[in-house]
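Worksheet for the structure shown next.
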Amino acid sequence: MNFQAPELAPARSAHDRSVSLCGVGRAGARLVRLVAGSFSGSAWTVDTESEAKSQATEDIGRVELGERTTRGLGCGGDAAYAQRIAEAEVARIQSRMGPGLLVLVAGIGGGVGAGISPVVARLAREAGAIVVAVVIEPYEFEGGLRQRNAEQCLITLQGACDAVIRVSNQAVARLNPELSAIQELMDLADRHVARVISGLLGLLQRSSLVPVGLAELERWARGRQAQGVAAFAEAEGAERIQRVWEDLIQHPFLQPSNRLTDAGGTLVHVMGGPDLRMDELEWVQRELRQRCPRAQVLVGAGVDPESTGKVQVFLLAVRDGVGLTAATNVPGLESAGGRPTPAPIKTLLFEDAPPAGDSRMVGLDLAAESREARNRSAQAARKAQQQQFNFVPPWTGRFDSAEGTLHQGENLDEPTFVRRGVKLN
Amino acid sequence: MFEPGQILIGLEIGTSKVCAAVGEVAEGGELNILGLGQARSRGVRKGEVFDAEKAGEDIRQALAEAEEMADVTIESIYLAVTGRHLECANFRGVHTIPTVDRAIDAEDVQLALRNAKYQSCPAGAEIIDSVRQDFLVDDHAVYENPVGVVGARIEARVHVILGHANRLATSRQAVEAAVPVRVEKTVFSGLASALAVLTTEQKQAGAIVVDLGGGTTEFAFFHQGLLRHSGILAVGGDHVSNDLAYGLRVPLSRAEELKLAHGSALVRKENSAAMSGPTAGAGLTDRPVSLGKLERIMSMRWEETLELLALRLRAADALRLATEGVFLCGGGARTPGIEELAQRIFQLPVHRGIVQSVSGPATVLENPEFATPIGLVRYGAMRAKQRPRPRLFSRLTSFAGLTSRRSS
Ligand SMILES: Nc1nc2c(ncn2[C@@H]2O[C@H](COP(=O)(O)OP(=O)(O)O)[C@@H](O)[C@H]2O)c(=O)[nH]1
Ligand SMILES: Nc1ncnc2c1ncn2[C@@H]1O[C@H](COP(=O)(O)OP(=O)(O)O)[C@@H](O)[C@H]1O
Ligand SMILES: [Mg+2]
Ligand SMILES: [Mg+2]
């Protein structure tokens, strides 16, 4: 048997800066509508329910699938059914695809979001795009079927995307027990999710003083099937950076706290006004290192002339790709296992950033600078890829094309002895 | 009324085989198996039809064979269903008696039961079976039948087996598109197996049936004559072969042969250095494999699978109450050492499940794989017996409280 890393389409490039946004299912579409106003790229939605048509706005494209099959009645929460509908109409989804970066948004407890988002992700990657999915996990009160849809979808998406960012409705509910009205809870969850999406889009779109963006995200994500969590917070006035940090580490999406302490990589992007100070960035970087001892830490910053007095921080924490543990066991079962040595702590801020006080720092357009930075990160990316080439997705043999059997984060289709890390000799 | 001599047909579209059983209900309620048809299953994954065309051919073959052997014409069947989409859980339904100090009547009971049912069934789901457990009146006293008791609030506890409506329809349609028969009713295959294997006394005293199939493992727990808990795990004998293929670096077909020839659920020390001899289907170039390795790979899978089952059974208190022990059926029950391993994990007596109070060819009755289709025949017989009073949730002792209705 020959296990090889998945072929990476050469067209998948970080240098094509076009970013598009796609919402799948009712929740996904709703969130895309919420953030689309402040997003300059192309935004579109995929759904099976004709009901959503009335809410569609003109500048958001819409793909409605299964019109004949479901007669606009949706998929009744059946993700496998939704998936079949999408697979029967791939051409209509494909017509929207291009290279660049696709940010996919879906609530994965239902049928459409859970069943169709992996199809969209796969088609986007085939078209040369880098795909980052923001998935909304269900509330506990939604029940077992929905939790299972979500679990299943998460694993499938992880195989289909470059990175998956998890945000959780339940986490918002847990941290706000006083909110008993479902509508209020939904609205609050929507606000949190919308800010994560905006934060991510901001990071990817706006020109940055200290560029942490697509290239870095790609370097991490590529072939690694990264899974992570993200949060966004803002503050202004005295001690703004400390206060924003407090908000972040208590953020519902980053709970329980081991999501940070166990992270394999973190990326922070700080947006501020022209008054954003170097010591504020250093402070964030120091705190982050303390909190995430194992992680590779990347800190980036951008300036928005409109935001004087404010800081906005977007934090993304990724676990190692799920495949990595399997990879170490797979290539030669007989040979030694062991985890890969963690990447050395590396702070982009100090490596790629111009020295403090450089006059160019004031300007917003750092084209030359970022080109240079990009060259450097491309080199680093090649190096990183060499390390990643022994990446192998979990092996499930005859079950490869079947729905996974998930139990507490493991896919039971994978051989038991592999999951237990048992060496046979 | 239920007529002796009535012919009933059970069909299981399993992951490994499609199997039909034709049975006749004798005077004393005994079942006589008249015919059995089988085909290797090619269109099913983890208990669910994924290739309706191939499944259709296999269904046709199995039914034709059964018809021929029993010399009957099949018009309607009971269909076994399983798969990860099934959800088996206990639900509660509350009904408040409008006027105080009134005796609870049959209608109150029906309303409480209906509320439990609505509780359990989200949009897009379909209830396959529901079994009433007991009733709480005014939060304390427990009754099997609360009619006549004075109280203000009644809470019904119901075990419900439900699945995705679309996926259930897929199974039904696979049958109805392939052959001109009507699907009388879908039945959870784990329940069917239990009905085949357990005696009335065992159901009363407390017993667990585990069906170790190709792509799925089902369980059902009976106590005091009622189905108390059930469930499925989408792991089965195919996973064992899959693990072997990977660990021994052999093709799947060879792994399956090795499993049948040398398989064991336990690691027997003496094999640690032994190598496999040639197996029946092995080609000349097939190298021998280490039996020690084979046993370790297999035992880890079986241990994990049974432990996952134990976890769920323990949560339902089944391991304490099943004093009659655990009965294993399905092809996986043939694995040497599986009973010993199960005994260790469940801490209960473990037996091979044998089809009960049924007559027919011994070769059929002794096969653990045929529990499901034979159980379907019994299910049908129980339902037919109960037909004259087709009320929702109505309960007949012999029928273990099983009734059902499509939710849509
Ligand atoms: N935050 C938020 N989550 C939602 C909303 N609507 C649905 N969800 C979540 O998204 C999941 C999928 O629901 P929905 O998008 O309506 O179903 P689909 O269209 O079949 O994918 C649900 O399980 C919920 O957890 C919403 O308005 N806000
Ligand atoms: N002697 C045996 N030892 C171990 N496993 C066996 C043996 N005989 C059959 N099996 C396994 O039992 C499974 C089939 O069981 P069966 O109950 O027929 O499945 P299904 O109902 O899912 O079609 C297969 O995985 C097969 O490999
Ligand atoms: Mg959705
Ligand atoms: Mg079976």
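Below, read A as the first sequence line, B as the second, and so on, with proteins coming before strands; counting in each chain starts at 1. This one's a predicted model, so the numbers in the text were calculated from it and none came from an experiment.
- In this structure, no portion of L294(B) lies under 4.5 Å from any heavy atom of chain A.
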request  = Tell me, with the steps shown, if E304(B) and R301(B) meet salt bridge (Lys or Arg N to Asp or Glu O under 4.0 Å).
outcome  = CA-CA 5 Å; E304(B) 176 184 59; R301(B) 173 60 81 171; 3.5 Å; yes

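- The pair D78(A)-R167(B) meets the salt-bridge criterion, with a side-chain N (NZ, NE, NH1 or NH2) lying under 4.0 Å from an Asp/Glu carboxylate O.
- Using a cutoff of 4.0 Å between basic side-chain nitrogens and carboxylate oxygens, E340(B) and R268(B) are not scored as salt-bridged.
- Among the candidates V235(B), L252(B), V240(B), the residue making the largest number of heavy-atom pairs closer than 4.5 Å to chain A is L252(B).
- For T170(B), the part sitting under 4.5 Å from any heavy atom of chain A is the side chain, from C-beta outward, and nothing else.
- Note on E48(B), H85(B), R84(B): by heavy-atom pairs under 4.5 Å with chain A, the leading option is R84(B).
- Annotation: side chain of S299(B) is not in contact with side chain of L341(B) (no heavy-atom distance under 4.5 Å).
- A side-chain N or O of T405(A) and one of D413(A) form a donor-acceptor pair less than 3.5 Å apart.
- Of the listed residues K46(B), R296(B), E303(B), the one with more heavy-atom pairs under 4.5 angstrom with chain A than any other is K46(B).
- Proximity to chain B is limited to the side chain of R84(A), based on heavy atoms less than 4.5 angstrom apart.
- Note on D187(A) versus R30(A): salt bridge recorded, some NZ/NE/NH1/NH2 to OD/OE distance being below 4.0 Å.
- Looking at L308(B), the atoms closer than 4.5 Å to chain A (heavy atoms on both sides) all sit in the side chain, from C-beta outward.
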